[in-house]
Amino acid sequence: MLAEVLAKLEAGGHRAAAVPVGRLEELREHYEDLSRRGQLDECIARELLEGLSLRPPEAVPRPRSLIVVATRDPVVCCTFRWQGGEVSIPVPPTYLHLRRKSEEVARAVADLLPRPYLAASLINAPHKLLAVRSGLARYGRNNISYISGFGSFYGLTTVCTELPCDEGAWLVPSMMPRCEGCTLCVSACPTGAIPEDRFLLRAELCITNWNEKPGEVPFPEWLARDWHDCLVGCLHCQLACPENEAVLDYQEPGPSFTEDETEALLRAGRPGDLPHRLKEKLENWDLQVWLGVLPRNLAVHLPGADRRPPG
Ligand code: SF4
Ligand code: SF4
């Protein structure tokens with residue numbers, strides 16, 4: 001039954017794999033173990049574990065399986081009018097429409113299940129680790145996960161279902177064979193976050209780790225302004241990776257903001273403080289989720305801009 005569901009998802013353009021639901025708890029141990037061995041910064045491990053869903057959702061009373069589904073996702077380029085010109089700033093895959101896309105995938109999976117089996121998405125599951133351990137994806141040296149044909153331009157959804165799943169691959173995380181002898185991402189990373197001598201990222205040096213932090217946390221002084229290449233997240237290492245060669249053109253235009261709207265975003269605090277049209281534009285692109293980090297993150301891309309005091 002499960003094999004049929006996976007085959008239908010693949011026929012619909014997704015990639016998918018399944019593991020028994022009990023694997024979820026093992027993932028908590030994985031992060032705790034990395035932290036104990038000093039391979040993951042203690043603070044980052046704590047933040048990770050606090051934000052993750054490691055229990056099946058209540059909407060699935062007899063949870064048996066986790067289906068992890070990969071869906072292609074483009075780089076989206078946002079445009080900001082600034083000082084009479086235009087500044088285009090990319091947003092990497094997975095940052096926009098995350099919740100909406102997850103719900104769509106969860107609905108698609110639920111529609112494929114025979115009655116009376118139930119399914120619901122697990123929004124904050126450790127999707128990437130699940131994808132890697134289930135054999136759906138492989139890690140690159142940059143700790144980004146890749147799927148053959150999709151590169152790293154895809155989003156992941158984890159759906160918990162009542163379909164039985166007695167087995168399934170459960171691999172030890174390892175690097176893609178292509179990474180052997182390749183250090184293109186190491187050279188492309190401006191902060192030195194990708195070590196050559198070990199597999200785990202120096203997360204405390206990764207730009208993504210900094211620009212996803214709450215907006216009131218300032219960027220550290222060592223993080224040069226021109227190292228930022230995205231509105232949130234970072235693409236330097238993904239764009240340098242040969243595994244992404246075939247998908248580099250997978251980019252779509254995103255929202256455009258007028259000069260007044262750009263000014264408003266630089267001082268944005270709460271959604272209620274924004275003009276109605278701007279609020280609607282952010283909601284259409286699911287950018288409102290990132291509103292808290294926008295003043296800090298946007299200011300580094302706009303010459304002469306600093307985050308504005310709330311007005
Ligand atoms: S750039 Fe090279 S080493 Fe880095 S993830 Fe891609 S293939 Fe691996
Ligand atoms: S996401 Fe950016 S900062 Fe992080 S490892 Fe890749 S290139 Fe370096």
Side-chain angles (χ1 to χ4, degrees), residues 1-28 30 51-76 92-139 144-171 173 246-247 250 252 284-286 289:
M1 239 180 315
L2 199 49
E4 237 173 83
V5 171
L6 297 183
K8 283 184 181 157
L9 285 168
E10 299 250 341
H14 304 282
R15 301 282 173 79
V19 294
V21 73
R23 296 294 193 190
L24 212 44
E25 192 51 35
E26 285 181 42
L27 299 185
R28 174 192 301 281
H30 170 89
L52 286 175
S53 308
L54 293 164
R55 291 214 168 74
E58 284 174 11
V60 182
R62 292 170 302 275
R64 305 283 294 278
S65 52
L66 299 170
I67 302 181
V68 51
V69 185
T71 309
R72 293 192 71 202
D73 202 26
V75 171
V76 173
T94 76
Y95 281 91
L96 301 179
H97 303 314
L98 196 62
R99 189 169 286 264
R100 206 177 302 171
K101 283 175 190 160
S102 286
E103 282 164 6
E104 276 170 25
V105 170
R107 265 198 304 277
V109 172
D111 288 346
L112 292 173
L113 299 192
R115 282 168 189 271
Y117 295 111
L118 296 175
S121 71
L122 205 55
I123 294 285
N124 296 319
H127 310 288
K128 189 164 82 168
L129 189 54
L130 266 172
V132 168
R133 299 222 60 179
S134 67
L136 179 65
R138 294 290 298 269
Y139 276 125
I144 299 281
S145 63
Y146 293 83
I147 293 179
S148 176
F150 284 13
S152 59
F153 288 12
Y154 65 87
L156 290 167
T157 304
T158 303
V159 186
C160 181
T161 90
E162 293 183 336
L163 275 188
C165 174
D166 298 326
E167 51 188 66
W170 195 242
L171 309 178
V247 297
Y250 191 35
E252 288 180 0
N284 285 342
W285 287 90
D286 261 4
V289 178

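Numbering starts at 1 and runs along the sequence shown. Keep in mind that the numbers below use all heavy atoms, side chains included, and drop hydrogens, waters and symmetry copies.
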Inset, instruction - Determine yes or no for a side-chain-to-main-chain donor-acceptor pair under 3.5 angstrom, with Ser65 supplying the side chain and Leu163 the backbone. - result: yes
Inset, instruction - Give a yes or no answer on whether the side chain of Tyr117 reaches the backbone of Pro164 with a donor-acceptor pair at less than 3.5 Å. - result: no
Side chains of [X] and [Y]: does their closest heavy-atom pair fall under 4.5 Å?
X      : Y      : answer
Leu129 : Tyr139 : yes
Leu156 : Leu130 : no
Trp170 : Val19  : yes
Thr71  : Lys101 : no
Pro56  : Leu66  : no
Val105 : Ser121 : no
Pro173 : His30  : yes

Legend entry - Residue from Val21, Leu118, Leu113 passing side-chain contact (heavy atoms from CB on, under 4.5 Å) with Glu162: Leu118
Inset, instruction - Check the pair Val247, Arg72 against side-chain contact (heavy atoms from CB on, under 4.5 Å), reporting the backbone distance first and the verdict last. - result: CA-CA 10 Å; Val247 297; Arg72 293 192 71 202; 3.9 Å; yes
Inset, instruction - Would you kindly check if the NZ (Lys) or CZ (Arg) of Arg15 is within the cone defined by 45 degrees around the ring axis of Phe150 and under 6.0 Å from the six-membered ring centre? - result: yes
Determine the minimum heavy-atom distance between [X] and [Y], stating which atoms define it.
X      : Y     : result
Leu136 : Ala16 : CD1-N, 3.6 Å
Pro93  : Val75 : CD-CG2, 3.8 Å
Leu122 : Pro57 : CD1-CD, 3.4 Å

Legend entry - Ion pair check, Arg23 and Glu26, cut-off under 4.0 Å: yes
Legend entry - Arg28 bridged to Glu25 by N-O distance under 4.0 Å: yes
Legend entry - Value rounded to 0.5 Å, distance of OG in Ser152 from CG in Asp73: 10.5 Å
Inset, instruction - Let me see the working for Leu9 and Ile67 under side-chain contact (heavy atoms from CB on, under 4.5 Å), right down to the final yes or no. - result: CA-CA 10 Å; Leu9 285 168; Ile67 302 181; 4.1 Å; yes
